[in-house]
Structure formats: C-alpha cells, structure tokens
Undergrad: 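This is the structure I have questions about; it appears just below.
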Amino acid sequence: MTRPLLNRRLAEFGTTIFAEMSALAARTGSINLGQGFPDTDGPEEIREAAVRALRDGRGNQYPPGPGVPELRSAIADHQRERYGLAYDPDTEVLVTAGATEAIAAALLALVEPGDEVIALEPYYDSYAACIAMAGGTRVPVTLRPHEGAYVLDLDELRAAVTDRTRLILLNTPHNPTGTVLTRAELTAVAELAAERDLLVVTDEVYEHLVFDGAEHLPIASLPGMRERTVTIGSSGKTFSFTGWKVGWITASPELTSAVRSAKQFLTYVSSGPFQYAIAEALRLPAAYFDGLRADLSAKRDLLSEGLAQAGFEVYRPAGTYFVTTDIRPLGATDGFDFCRSLPERAGVVAIPNAVFYDHREAGAPFVRFAFCKKTEVLEEAVSRLKRLA
Ligand SMILES: *Cc1c(COP(=O)(O)O)cnc(C)c1O
C-alpha cells in the first residue's frame with residue numbers, strides 16, 4: 001500500500017509526546033509531572049453520589065441527548081450564581097463527554113472548510129487536531145513571556161484576523177502557561193469579535209483554579225458577547241474526577257443547537273450515572289472550592305520554589321495546575337532534549353512546551369511541570385531536581 005493509512009488532515013498528529021514521556025517515566029521509575037491529572041480522587045461524597053446513581057438505576061441507560069435535567073440546571077445555576085450569566089437549562093446548556101468533546105463538537109459545528117480559527121499559542125493539543133478535522137486553518141497568536149508572566153499581544157491578535165476568520169478559540173485560565181486573561185485583555189478580544197463579527201469559543205475548564213486573588217472572568221459576561229460565545233466547562237479538573245468525562249457548554253439557543261448537531265453523532269451521550277454525581281458536585285459549598293484553591297496554591301508554591309532553587313526560571317502561574325519554566329539558566333536551550341534526559345539526570349518527567357506551538361522555536365526553551373500531585377510526591381520531585389543545580 002503506497003497511500004498512508006492516516007488521512008492527511010491528521011497526519012501531523014500521529015503520536016503525542018505524552019505517551020512517550022509517560023513510557024519514559026515508567027521505564028526509569030521517574031516521578032511523572034508530565035501529564036496533568038490528579039493523583040488523588042475528588043470528594044468522597046461525590047464518589048458515593050455516583051455509586052448511588054448507579055445502584056438506583058439512574059443513568060445506566062442512554063441519558064437524554066442534552067444531558068440529565070438535574071445536571072443542566074446545576075450548570076445553569078453555577079453560571080448564574082458565579083458570573084451573573086443566565087442560561088436556560090433546556091435550550092442553552094449541553095452536556096458533553098468532557099471538554100474534549102465540547103471542543104470537537106463546537107469546531108465541527110461552527111467551522112467551514114477554509115475558515116480560519118485563531119488560537120492562543122501555546123495551545124492545548126486537541127485544538128489543532130479538532131480544527132484540522134473540521135477542515136479549518138489554525139492561526140496561532142503567541143502568548144509571550146514578559147516580566148514573569150505570559151501576555152497576549154493585542155496588536156498581534158488584531159493583525160491575525162482576516163476576512164476568512166470564523167472564530168477565536170480562547171483558553172483562560174490558560175494551559176500550559178498558567179496565564180489568566182485580564183478584564184482589559186478580554187474586553188479587547190470582545191471588541192474585536194464584535195467589530196469583525198467573529199464567534200468566540202472559550203475553554204474555561206480551569207475556572208476554579210485561580211490563585212492570589214486573580215479573577216476568572218468568562219468573556220460571555222462582557223457586553224454583547226453572550227450571543228457570539230460558546231463557553232466550555234468541565235468537572236474533571238474542578239472535582240478531580242478526570243476519568244468521568246463530564247463536560248458541558250453554555251451558549252445561546254442557536255449556538256447550542258448547532259453544537260448539539262455535531263455532538264449527537266460523536267458520542268450521542270455519555271457518563272450517565274456520573275452526570276447525577278456532578279450535579280451534586282456543582283452544588284458543593286464554597287468551602288470545597290476554596291479548599292481546592294488553597295491546596296493547589298500551596299502546591300504551586302512548593303513546586304515553583306523548588307524549581308527556582310534547582311536553577312530554572314519560573315513563570316509562576318496565576319491559574320491552572322501547571323507551571324512553565326525556562327531552562328536556559330541551566331545551560332540548556334532545547335526542551336525536547338532536556339525532557340528526554342531529565343529522567344536519567346533527576347528522576348522526573350516533564351513536557352517540552354514546544355509541542356504546544358506551531359512556532360516551535362518560540363517554545364523551544366520552555367518546559368511544563370504539573371503540580372496536581374500529593375505533597376510528598378512534589379517534595380520528592382523537588383529534592384530530586386536539586387541534582388541539577
Ligand atoms: C484537561 C483539559 C481539557 C479536557 O477536559 P476533559 O473534560 O477531561 O475532556 C480541555 N482543555 C484544557 C485546556 C485542558 O487542560
């Protein structure tokens with residue numbers, strides 16, 4: 001057979017660095033701070049709620065296409081109580097198989113072949129693949145390090161818009177840089193979207209993981225944006241049940257219906273009993289969300305300080321559970337080489353940020369570590385990383 005098996009839309013996405021790095025971690029007995037999943041399960045009462053739903057026969061058969069009503073109203077209440085955003089649970093909320101399916105369904109529904117999609121670079125790996133599957137062209141706008149944080153260059157964003165631009169794909173709090181877009185930045189994005197008649201798809205799966213009093217602001221809450229924005233949320237990161245794959249979108253009835261048209265032919269439905277459990281999770285008292293933030297904020301400090309002591313330049317994240325570092329102070333320039341040798345040198349696995357870039361050279365000297373791990377695991381990682389200094 002001369003023709004490659006994998007079609008040309010997906011050819012560039014054949015293998016991911018995560019598989020390589022996780023295999024390396026297992027082979028070398030390294031601490032895996034590469035992939036971002038918690039090593040502790042979420043609240044016991046929510047796990048029990050899933051068991052109860054399963055035993056009571058709720059969700060064991062196909063749940064309703066848009067999601068179970070209990071979860072849709074919990075999502076609507078969450079958006080209203082936190083952000084003052086009112087969504088009708090029947091026509092403006094759609095439950096998905098994690099944020100991953102929401103991203104795929106939104107792009108498949110809204111992008112026409114040839115449309116350009118602007119995404120903030122470095123970007124979450126599924127964005128590029130989903131834009132490609134939709135036949136779109138991705139146009140990266142690069143977040144650049146400036147005085148210890150990554151910032152969005154609004155002129156660069158404005159210059160990236162063409163007559164073919166269909167939508168802007170946002171992610172705040174931002175993985176992998178930990179940046180939380182400010183009200184000023186989001187206002188500028190909103191003005192641009194209105195002026196050029198663009199849609200906005202915004203991935204807000206880390207909405208609850210913001211530190212030091214930083215504020216997460218959904219762009220849908222800015223004037224005029226509700227009608228042109230698809231907001232994506234997920235329970236995975238907020239409740240530490242990433243295997244349950246309960247995500248959602250909130251958007252106008254027209255946008256929700258468009259996304260549902262694609263979603264119904266992807267998974268149709270998913271996660272039946274877990275949907276009931278997440279409906280309860282979204283109604284946990286403020287103490288839960290505060291506790292999660294305090295825990296991760298302490299872990300961020302522990303890992304950030306350890307990395308700085310080991311010689312890295314550290315971009316202290318304002319949100320998410322990732323920290324990006326610059327390896328140049330350690331005498332290295334290529335993140336791939338660095339991450340491939342780190343297990344041998346220090347018994348720790350990390351991810352080279354270059355995999356999140358089209359402009360690979362812009363990401364070359366940066367490396368990402370996850371801190372959603374037990375304190376003792378992070379302490380051990382920090383003590384191993386001291387070998388580098
Ligand atoms: C983890 C993650 C997702 C995927 O969320 P799921 O609900 O697990 O599908 C989407 N976007 C970003 C930025 C993420 O980090």
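First listed ligand is number 1; within each ligand, the first listed atom is number 1.
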Undergrad: Would you mind checking which non-hydrogen protein atom is closest to atom 15 (O) of ligand 1, with the distance to 0.1 Å?
TA: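 Going by distance alone, atom 15 (O) of ligand 1 is nearest to Tyr206 OH, 2.6 Å.
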Undergrad: Distance to 0.1 Å, residue and atom name: give those for the protein heavy atom nearest to atom 13 (C) of ligand 1.
TA: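 It is Asp203 OD2, 3.4 Å.
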Undergrad: Of the backbone atoms (N, CA, C, O) and the side-chain heavy atoms from C-beta on, which set of Asn171 has a member under 4.0 Å from an atom of ligand 1: side chain, backbone, both, or neither?
TA: side chain
Undergrad: Rounded to the nearest 0.5 Å, what separation is found between the CD atom of Glu121 and the OG1 atom of Thr142?
TA: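 Separation between the atoms: 3.5 Å.
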Undergrad: For ligand 1, is there an atom lying under 4.0 Å from some heavy atom of Ala99?
TA: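 Yes; Ala99 lies near enough to ligand 1 that a heavy-atom distance drops under 4.0 Å.
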Undergrad: I'd like to check Tyr276 versus Arg52 (side-chain heavy atoms, cut-off strictly below 4.5 Å). Are they in contact?
TA: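 When only atoms from C-beta onward are counted, Arg52 and Tyr276 do not touch, as no gap falls below 4.5 Å.
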Undergrad: Would you confirm whether the ring centroid of Tyr83 sits within less than 6.0 angstrom of the ring centroid of His216?
TA: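 Yes - the distance between ring centres of His216 and Tyr83 falls below the 6.0 Å cut-off.
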Undergrad: Once you restrict to heavy atoms under 4.0 Å, what part of Val205 touches ligand 1? Side chain, backbone, both or neither.
TA: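 Within the 4.0 Å criterion, Val205 contacts ligand 1 through side-chain atoms alone.
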Undergrad: Would you please indicate yes or no on a ring centroid separation below 6.0 angstrom for Tyr62 and Tyr268?
TA: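 Yes, they do, as the ring centres are separated by less than 6.0 Å.
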Undergrad: Could you check whether Arg340 pairs with Glu20 (Lys NZ or Arg NE/NH1/NH2 to Asp/Glu carboxylate O, under 4.0 Å)?
TA: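 Salt bridge: yes.
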Undergrad: Any Lys/Arg nitrogen of Arg138 or Glu12 sitting under 4.0 Å from an Asp/Glu carboxylate oxygen of the other?
TA: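 Result for this pair is yes, salt bridge flagged.
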Undergrad: I need the contact type for Lys245 against ligand 1. Using non-hydrogen atoms and a strict under-4.0 Å cut-off, is it side chain, backbone, both or neither?
TA: side chain
Undergrad: Would Phe369 and Phe322 count as a close aromatic pair, with their ring centres under 6.0 Å?
TA: no
Undergrad: Side chain or backbone, does Asn175 bring an N or O within less than 3.5 Å of an N or O on ligand 1?
TA: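 Yes, at least one N or O pair falls under 3.5 Å.
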Undergrad: Do Ser234 and ligand 1 have an N or O pair less than 3.5 Å apart?
TA: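 Right, the criterion is met.
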Undergrad: Can you find an N or O of Tyr124 that's nearer than 3.5 Å to an N or O of ligand 1?
TA: no
Undergrad: Should Lys237 be counted as touching ligand 1, given the test is an N or O pair under 3.5 Å?
TA: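 N/O-N/O distance below 3.5 Å exists for this pair.
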